[in-house]
**Student:** 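My questions will all concern the structure given below.
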Amino acid sequence: MYRNILCLVLGLIVGIQLTEFWGYMTFTTDEYESTAIAVDTAVPSLPQKVSLADWLYQETRVLCLVLTMPKDHPTKAAKVKATWGGRCNKLIFMSSQDDAELGAVNLNVTENRSNLYAKVRAGLAYAYEHYGEDYDWFLKADDDTYVIMENLRHFLYPYDPEAAVYFGYRFRTTYPHGYMSGGAGYVLSRDALRRLNLFALNNTKFCPPSSRPEDRQIGYCLLNVGVVAGNTRDDTGHERFLPLNPRHLMPQLQPGTWLDKTFYFKMNYSDCCSDTSISFHYSKSYDFDLYEYFLYKLKVLGLPKTSYTLPKRLDYKQMEEKLQYWNEQVSDNQEKL
């Protein structure tokens, strides 16, 4: 009896599986098409009535970490939040005092210029612990940095956040690949943040404690765990991340400044800046208001409208080739450090 029941159950199971297999082999609709994830390098068609900026907001997710301190919460930090910070997918202020309304986090690091490196380390560790897999890119900026988030996302779109790379304005230093300016802001890929936290911050050989500038030291930590310093200049060689205020750069950058020895790629003194610039440093409160007006409100009537299309996403091989190319670039600055 039990043998008959067992045979009946086995027969039903085999019959059901064969039926499903036959349905799979003969089905012609989308229901059984492959769901394997592949890199789509084609330029997508945007839905009607969706702006490129809005689409990129969902497609290229950026968490912004802004360095500030308690006394600047109601002024500098509040101005960041009211302007470009509101265009981040997530905005966190690295501070020594919690402020839930502002979005500031107490990192338990004493406010002192010599502690900025320790503070940024703590901020990047906090971002990884709480949001490391939730965003694609992680931007570090100061509270006097102004960032054009739309241009940042457009620049980042072709690149894989799982590649070990970070971007910014590149400075020379005593180690070969240089580092990215903290004031102009630098942006880490998801993998760069992961490597920094898993292999560098807990290793005093790769990432030693120091009172030297935070941007230089973070660059050293990233170099030691295989993160490549990417090139952010446009096709004409103009800079997108700018370590100075436009007032200092226009009509031309004056020679004889500290930049002469520190730039990694020689800057065009009379025509420095890309028409798709991403950031400016040393911005005053009124500068933020001016940028907002000229970038987002002022309309110039009668001129042809410029439209920008998305570049294709790089596939794995193309991304690897790009990383190798960037990694082999050398500075053209012949000034003695």
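The structure presented is a predicted model; accordingly, all values stated were derived computationally and were not measured.
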**Student:** Contact between Lys140 and Asp215 at the side-chain level, heavy atoms closer than 4.5 Å - yes or no?
**Tutor:**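 Of all side-chain heavy-atom pairs linking Asp215 with Lys140, none is under 4.5 Å.
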
**Student:** Angle class for the Tyr159/Trp326 ring planes (parallel below 30°, perpendicular above 60°, tilted otherwise)?
**Tutor:**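 Tyr159 vs Trp326 ring planes: perpendicular.
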
**Student:** Looking at Tyr296, I'd like to know if its OH atom is crowded, meaning that more than 12 non-hydrogen atoms belonging to other residues, nucleotides or ligands lie closer than 6.0 Å.
**Tutor:**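 More than 12 heavy atoms, drawn from other residues, nucleotides or ligands, come within 6.0 Å of this atom.
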
**Student:** Let me check something: do Phe155 and Tyr264 share a hydrophobic cluster, defined by ILVMFWY side-chain heavy atoms less than 4.5 Å apart, either directly or through other members?
**Tutor:**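 No, Phe155 does not connect to Tyr264 through the hydrophobic network.
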
**Student:** With distance as the sole test, does Trp84 use its side chain to make a donor-acceptor pair with the main-chain N or O of Ser279 at under 3.5 Å?
**Tutor:**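 Side chain of Trp84 to backbone of Ser279: no pair is present.
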
**Student:** Sub-3.5 Å donor-acceptor pair from the side chain of Arg190 to the main-chain atoms of Tyr135, do we have one?
**Tutor:**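 Yes.
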
**Student:** Tell me whether Asn115 contacts the main-chain N or O of Ala118 through its side chain, where contact means a donor paired with an acceptor under 3.5 Å.
**Tutor:**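 No, because the side chain of Asn115 does not come within donor-acceptor range (under 3.5 Å) of the backbone of Ala118.
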
**Student:** Can you tell if the side chain of Phe167 reaches within under 4.5 Å of the side chain of Ile278, non-hydrogen atoms only?
**Tutor:**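 They are not in contact (no side-chain heavy atoms under 4.5 Å apart), so the answer is no.
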
**Student:** Whether the Gln324 and Glu328 side chains hold a donor-acceptor pair (N or O, under 3.5 Å, no angle test) is what I'd like checked.
**Tutor:**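 Per modelled atom types, Gln324 and Glu328 side chains form a pair under 3.5 Å.
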
**Student:** Nearest 0.5 Å please: distance from the CZ atom of Arg153 over to the CG atom of Asp54.
**Tutor:**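 The CZ atom of Arg153 sits 9.5 Å away from the CG atom of Asp54.
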
**Student:** Asn151 side chain to Ser277 main-chain N or O, any donor-acceptor pair under 3.5 Å?
**Tutor:**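 Checking the backbone N and O of Ser277 against the side chain of Asn151, a donor-acceptor pair under 3.5 Å is found.
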
**Student:** Taking side-chain hydrogen bond (donor to acceptor under 3.5 Å, both in side chains) as the criterion, tell me which of Asn231, Thr276, Thr232 meets it with Arg240.
**Tutor:**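 Between Arg240 and the candidates, side-chain hydrogen bond (donor to acceptor under 3.5 Å, both in side chains) is satisfied uniquely by Thr276.
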
**Student:** Please walk me through it: do Tyr325 and Val228 pass side-chain contact (heavy atoms from CB on, under 4.5 Å)?
**Tutor:** CA-CA 10 Å; Tyr325 172 73; Val228 173; over 6 Å; no

**Student:** Count I, L, V, M, F, W, Y as connected when their side-chain heavy atoms are under 4.5 Å apart, and connections chain through other members. Are Tyr131 and Tyr57 then in the same cluster?
**Tutor:**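 In one cluster with Tyr131: Tyr57, no.
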
**Student:** Output the distance between atom CG (Leu223) and atom OH (Tyr175), rounded to the nearest 0.5 Å.
**Tutor:**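 One finds 7.0 Å between CG of Leu223 and OH of Tyr175.
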
**Student:** Taking the six-membered ring for Trp, are Tyr291 and Phe288 parallel (under 30°), tilted (30 to 60°) or perpendicular (over 60°)?
**Tutor:**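 Tyr291 and Phe288: tilted rings.
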
**Student:** Going from CD on Glu239 to CZ on Phe265, what distance comes out if it is rounded to the nearest 0.5 angstrom?
**Tutor:**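 It comes to 8.0 Å.
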
**Student:** Please say whether the positively charged group of Arg212, taken as NZ for Lys or CZ for Arg, lies over the ring of Tyr220, i.e. under 6.0 angstrom from the six-membered ring centre and within 45 degrees of the axis.
**Tutor:**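 No, a cation-pi geometry is absent between Arg212 and Tyr220.
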
**Student:** Under a 4.5 Å cut-off applied to non-hydrogen side-chain atoms, are Phe206 and Arg195 in contact?
**Tutor:**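 Not touching, per the 4.5 Å side-chain cut-off.
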
**Student:** Answer yes or no: is there a side-chain heavy-atom contact under 4.5 Å between Tyr166 and Met180?
**Tutor:**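 The answer is yes, as the side chains (C-beta and beyond) meet within the 4.5 Å cut-off.
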
**Student:** If we only count heavy atoms from C-beta on, is the Ile218 to Tyr117 side-chain gap below 4.5 Å?
**Tutor:**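 Yes, close enough: below the 4.5 Å cut-off.
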
**Student:** I'd like to know whether Phe280 forms a side-chain contact (heavy atoms from CB on, under 4.5 Å) with Asn245, so could you lay out the CA-CA distance, the side-chain angles of the two residues, the decisive distance to 0.1 Å, and finally the verdict.
**Tutor:** CA-CA 5 Å; Phe280 307 114; Asn245 188 292; 5.8 Å; no

**Student:** Linking I/L/V/M/F/W/Y whenever their side-chain heavy atoms sit closer than 4.5 Å, directly or via other members, would Phe199 and Leu222 fall into one cluster?
**Tutor:**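 In one cluster with Phe199: Leu222, yes.
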
**Student:** More than 12 heavy atoms of other residues, nucleotides or ligands under 6.0 Å from CD of Glu101: is that the case?
**Tutor:**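 Not more than 12 within 6.0 Å, no.
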
**Student:** When you compare the side chain of Leu56 with that of Leu310, does any pair of heavy atoms fall below 4.5 Å?
**Tutor:**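 A side-chain contact exists here, since the closest heavy-atom pair is under 4.5 Å.
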
**Student:** Do Asp72 side-chain atoms and Ala77 backbone N/O form a donor-acceptor pair below 3.5 Å?
**Tutor:**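 Here the side-chain-to-backbone pair does not exist.
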
**Student:** By the definition side-chain hydrogen bond (donor to acceptor under 3.5 Å, both in side chains), identify the one residue from Asp143, Thr75, Asp144, Asp99 that meets it with Thr68.
**Tutor:**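 Considering Asp143, Thr75, Asp144, Asp99, a side-chain hydrogen bond (donor to acceptor under 3.5 Å, both in side chains) with Thr68 is found only for Asp143.
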
**Student:** Taking all atoms of both residues into account, what is the closest heavy-atom pair of Ser274 and Asp234, and its distance?
**Tutor:**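 Minimum heavy-atom contact is OG-OD2, 2.8 Å.
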
**Student:** Between Asp315 (side chain only) and Gln318 (backbone N and O only), is there a donor and an acceptor less than 3.5 Å apart?
**Tutor:**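 Yes.
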
**Student:** Using side-chain hydrogen bond (donor to acceptor under 3.5 Å, both in side chains) as the criterion, point out the one residue from Asn89, Asp134, Asp136 that pairs with Arg61.
**Tutor:**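 It is Asp136; the other options fail the test.
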
**Student:** Only one of Leu196, Leu188, Asn197 forms a side-chain contact (heavy atoms from CB on, under 4.5 Å) with Tyr128, so which one is it?
**Tutor:**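 Option passing the side-chain contact (heavy atoms from CB on, under 4.5 Å) with Tyr128: Asn197.
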
**Student:** Would you find a donor on one side and an acceptor on the other, under 3.5 Å apart, between the side chain of Asp332 and the backbone of Lys266?
**Tutor:**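 It does hold such a pair.
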
**Student:** Could you measure the distance from the CG atom of Leu63 to the CD1 atom of Ile92? Nearest 0.5 Å is fine.
**Tutor:**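 Output value for this atom pair is 4.5 Å.
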
**Student:** Name the orientation class of the two ring planes belonging to Tyr269 and Phe263 (parallel below 30°, tilted from 30 to 60°, perpendicular beyond 60°).
**Tutor:**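 Tyr269 vs Phe263 ring planes: perpendicular.
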
**Student:** Can Asp160 and Arg313 be said to form a salt bridge (Lys or Arg N to Asp or Glu O under 4.0 Å), step by step?
**Tutor:** CA-CA 8 Å; Asp160 184 357; Arg313 275 194 163 146; over 6 Å; no

**Student:** Output the distance between atom CG (Leu116) and atom CE (Met94), rounded to the nearest 0.5 Å.
**Tutor:**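 Those atoms lie 9.5 Å apart.
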
**Student:** Please lay out, stage by stage, how Asp142 and Thr145 fare under the test side chain to side chain donor-acceptor pair (under 3.5 Å).
**Tutor:** CA-CA 5 Å; Asp142 291 348; Thr145 310; 4.7 Å; no

**Student:** Between the side chain of Ser189 and the main-chain N/O of Ala163, is any donor-acceptor distance below 3.5 Å?
**Tutor:**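 Judged by distance alone, yes, a pair lies under 3.5 Å.
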
**Student:** For the pair Tyr179 and Glu214, evaluate side chain to side chain donor-acceptor pair (under 3.5 Å) and give the outcome as yes or no after the intermediate values.
**Tutor:** CA-CA 10 Å; Tyr179 64 95; Glu214 60 87 9; over 6 Å; no

**Student:** Could you go through the side chain to side chain donor-acceptor pair (under 3.5 Å) check for Thr110 and Asn112 one step at a time?
**Tutor:** CA-CA 6 Å; Thr110 303; Asn112 189 298; over 6 Å; no

**Student:** For the residue pair Leu193 and Leu124, establish whether any side-chain heavy-atom pair is separated by less than 4.5 Å.
**Tutor:**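 Touching, per the 4.5 Å side-chain cut-off.
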
**Student:** Do the non-hydrogen side-chain atoms of Gln217 and Cys207 ever get within less than 4.5 Å of each other?
**Tutor:**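 No, too far: nothing below the 4.5 Å cut-off.
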
**Student:** Look only at the side chain of Arg170 and the backbone of His177, and say whether a donor-acceptor pair between them is shorter than 3.5 Å.
**Tutor:**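 The answer is yes, because a donor-acceptor pair under 3.5 Å joins these two groups.
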
**Student:** Let's go through His281 and Ser181 carefully: what are the C-alpha distance in whole Å and the side-chain angles of both, what is the deciding distance for side chain to side chain donor-acceptor pair (under 3.5 Å) to 0.1 Å, and is it a yes or a no?
**Tutor:** CA-CA 10 Å; His281 191 208; Ser181 162; 5.4 Å; no

**Student:** Tell me whether Asp287 is salt-bridged to Lys284, with the criterion being a basic N under 4.0 Å from an acidic carboxylate O.
**Tutor:**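 A salt bridge is absent here (no side-chain N lies under 4.0 Å from a carboxylate O).
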
**Student:** When you check the gap from the basic side-chain N to the acidic O, do Asp235 and Arg233 get nearer than 4.0 Å?
**Tutor:**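 Between Arg233 and Asp235 there is no salt bridge, as every charged N stays at least 4.0 Å from the carboxylate O atoms.
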
**Student:** Cut-off 3.5 Å, side chains only: do Asn268 and His238 have a donor facing an acceptor?
**Tutor:**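 No, because no side-chain N or O of Asn268 sits under 3.5 Å from a partner of the opposite role on His238.
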
**Student:** Distance check, rounded to the nearest 0.5 Å: Arg216 atom CZ versus Ser210 atom OG?
**Tutor:**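 The CZ atom of Arg216 sits 7.5 Å away from the OG atom of Ser210.
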
